[in-house]
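Worksheet: the structure to be examined is printed underneath.
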Amino acid sequence: HGDATLQVTTSLRPAQGDSIVARGGWTTYKGKPQFKADMIQLAIPREAKGIADWLRNGAVRGVGQATIGKLIARFGDGLPDAVADAALLATAGIGDVKARAIAHAWRCNAEQPELTALLLGVGLKPKQAARVIEQYGVAAKKVVATDPWEFVETVEGIGFPSADRIARLEGLDLTCSPRIQAGLAWVLSECLNRDGHCGLPQAELVDQAARMLDVPHEVIEAEMPRFMDGVRTVRDDETGLVYTRLLWEAECDLADRLASLSRPPFGAIPAAEAGPAILRAERELGVELDRAGGQFAAAVTARSKGVSVI
């Protein structure tokens, strides 16, 4: 778009002269072309001078001119070949901690454009890709290639369908244990978030998972002992329901509280005395409860029972 002037709003803070990589598309705003970027990243030069400038601009906290000078003196134009190797960087006399920090920062930032292309190429949206990169850095490549279902638990905004799509594109085994475990967890979470249930009967959980994953029931059944490990999920022997551990503990706590409230003394009075007591309260407060609509009867029930559900 020629010499167009661009106004950019982003959390990225490039220095003057830095190059950036922006991914998005052109739109029109008030008759003028506008580029709407879904993702903006710093493009780090790959030669020794570019790496030195990148470090000089504060890419790694605690790395200043003295450290950069040692790196240039030790590696010279070969710095690009050494910058991702912490052990090799340490031979410049900068210390193991700084060496590891520089190598980690380089792996997480310098490879972002390629990593972004990979993540977008397997179907993730720009915001999802950005979260994966923030969480994993370059290690995301291994997760994509071996167990993309891990993203469901670790990256906000990535659900099982997105992770499963990556797995299919990567040609992974669709009957492998990580997929079955992630699918079971997804079905259980959906029964809470979509349907409002706290748990599912084991047979129903197996059936729903088998249909969603399109695998035989026997494959799901074989994974159930590992899934109900008592850490993430629990099977309640009394009800036969499979819960997430947190919801099961919440249900047990609620049941204990209700049981304690149902035992005296909690101010409950005999039903014969509750009606007159509510009448006195009406006179004292200057209100009148609806008789036809059930308000008065509900108040009597609540006053005469330790626990009531209205």
Check the surroundings of atom CG in Asp253: do more than 12 heavy atoms from other residues, nucleotides or ligands lie under 6.0 Å from it? yes

Under a 3.5 Å cutoff, is there a donor and acceptor pairing between the side chains of Ser177 and Arg226? yes

Can a donor-acceptor pair be found, under 3.5 Å and without considering hydrogens, that links the side chain of Thr233 to the backbone of Thr244? no

Out of curiosity, Ile278 CD1 to Arg283 CZ, how far, rounded to the nearest 0.5 Å? 11.5 Å

Looking at Glu273, I want to see if its CD is surrounded by more than 12 non-hydrogen atoms of other residues, nucleotides or ligands under 6.0 Å. yes

Should the heavy atoms of other residues, nucleotides or ligands under 6.0 Å from CG of Asp77 be counted, would the total exceed 12? no

Does the side chain of Arg168 reach to within under 4.5 Å of the side chain of Asp164, using non-hydrogen atoms? yes

Spatial distance of atom CG (Leu71) from atom NZ (Lys98) [nearest 0.5 Å]: 9.5 Å

Do you know the tightest heavy-atom contact between Lys70 and Ala92? CB-O, 3.7 Å

State whether the number of non-hydrogen atoms from other residues, nucleotides or ligands found under 6.0 Å of Arg61 atom CZ is greater than 12. no

Side-chain (Thr27) to main-chain (Gln34) donor-acceptor, under 3.5 angstrom: yes

Which pair of non-hydrogen atoms, one from Gly76 and one from Ala48, has the smallest distance, and what is that distance? O-CB, 3.4 Å

Single-linkage hydrophobic cluster Leu184~Leu247, side-chain heavy atoms < 4.5 angstrom: no

Heavy-atom donor-acceptor pair, Arg179 side chain to Leu213 backbone, under 3.5 Å: yes

Least distance between heavy atoms, Ala140 atom then Leu115 atom: CB-CD1, 4.2 Å

Following the transitive rule for hydrophobic clusters with a side-chain heavy-atom cut-off under 4.5 Å over Ile, Leu, Val, Met, Phe, Trp and Tyr, establish whether Leu200 and Val215 coincide in one cluster. yes

Gly157 backbone acceptor or donor facing Gln128 side chain under 3.5 Å: yes

Taking Arg232's backbone N and O only, do any of them form a donor-acceptor pair with Asp229's side chain (distance below 3.5 Å, no angle check)? yes

Linked, directly or transitively: Met228 and Tyr243 (ILVMFWY side chains, under 4.5 Å): no

Closest heavy-atom pair and its distance - Pro148, Ile166: CB-CG2, 3.7 Å

Do Trp149 and Trp186 have side-chain heavy atoms sitting under 4.5 Å apart? no

Output yes when a side-chain donor or acceptor of Thr301 lies under 3.5 Å from a complementary backbone atom of Ala297, and no otherwise. yes

Quick one: which of Lys141, Glu150, Lys142 gives a side chain to side chain donor-acceptor pair (under 3.5 Å) with Tyr136? Glu150

Using a 3.5 Å distance criterion without hydrogens, assess whether the side chain of Arg245 forms a donor-acceptor pair with backbone atoms of Val231. no

Quick check on Arg257: does its CZ atom have over 12 non-hydrogen neighbours (other residues, nucleotides or ligands) under 6.0 Å away? no

Can a donor-acceptor pair be found, under 3.5 Å and without considering hydrogens, that links the side chain of Glu282 to the backbone of Leu289? yes

Give a yes or no on whether the backbone of Ser189 and the side-chain of Asn193 come within a donor-acceptor separation of less than 3.5 Å. yes

Would Phe151 and Val144 satisfy side-chain contact (heavy atoms from CB on, under 4.5 Å), going step by step from the backbone distance to the final call? CA-CA 9 Å; Phe151 291 146; Val144 166; 3.9 Å; yes

Donor-acceptor side-chain pairing of Thr154 and Gln135 below 3.5 angstrom: no

Do Leu192 and Phe160 belong together in a cluster built from hydrophobic side chains that touch within less than 4.5 Å? no

Quick one, Leu120 and Pro126 - any side-chain contact, counting heavy atoms below 4.5 Å? yes

About how many Å separate OG1 of Thr239 and CD of Glu251, when rounded to the nearest 0.5 Å? 8.5 Å

How long is the gap from CD1 on Ile102 to CZ on Arg100, to the nearest 0.5 Å? 11.5 Å

Counting N and O atoms only, with roles assigned by atom type, does the side chain of Arg235 sit under 3.5 Å from a partner on the main chain of Leu241, one being a donor and the other an acceptor? no

Can you name the nearest heavy-atom pair linking Val219 to Thr175, along with the distance? CG1-O, 4.3 Å

With rounding to the nearest 0.5 angstrom, report the NZ to CZ distance, Lys49 to Arg56. 7.5 Å

Is there side-chain contact between Phe227 and Ile220, with at least one heavy-atom pair below 4.5 Å? no

For atom CD of Glu156, decide whether the heavy atoms of other residues, nucleotides or ligands shown that lie under 6.0 angstrom number more than 12. no

Trace of the side-chain contact (heavy atoms from CB on, under 4.5 Å) decision for Leu55 with Thr67: CA-CA 9 Å; Leu55 291 171; Thr67 300; over 6 Å; no

Give a yes or no on whether Leu246 and Val187 share a hydrophobic cluster (residues Ile, Leu, Val, Met, Phe, Trp, Tyr; joining criterion: side-chain heavy atoms under 4.5 Å apart). no

Tell me whether the centres of the aromatic rings in Trp54 and Trp106 are closer together than 6.0 Å. yes

Closest heavy-atom pair, Ala103 versus Ala84, reported as atoms and distance to 0.1 Å, is CB-O, 3.7 Å

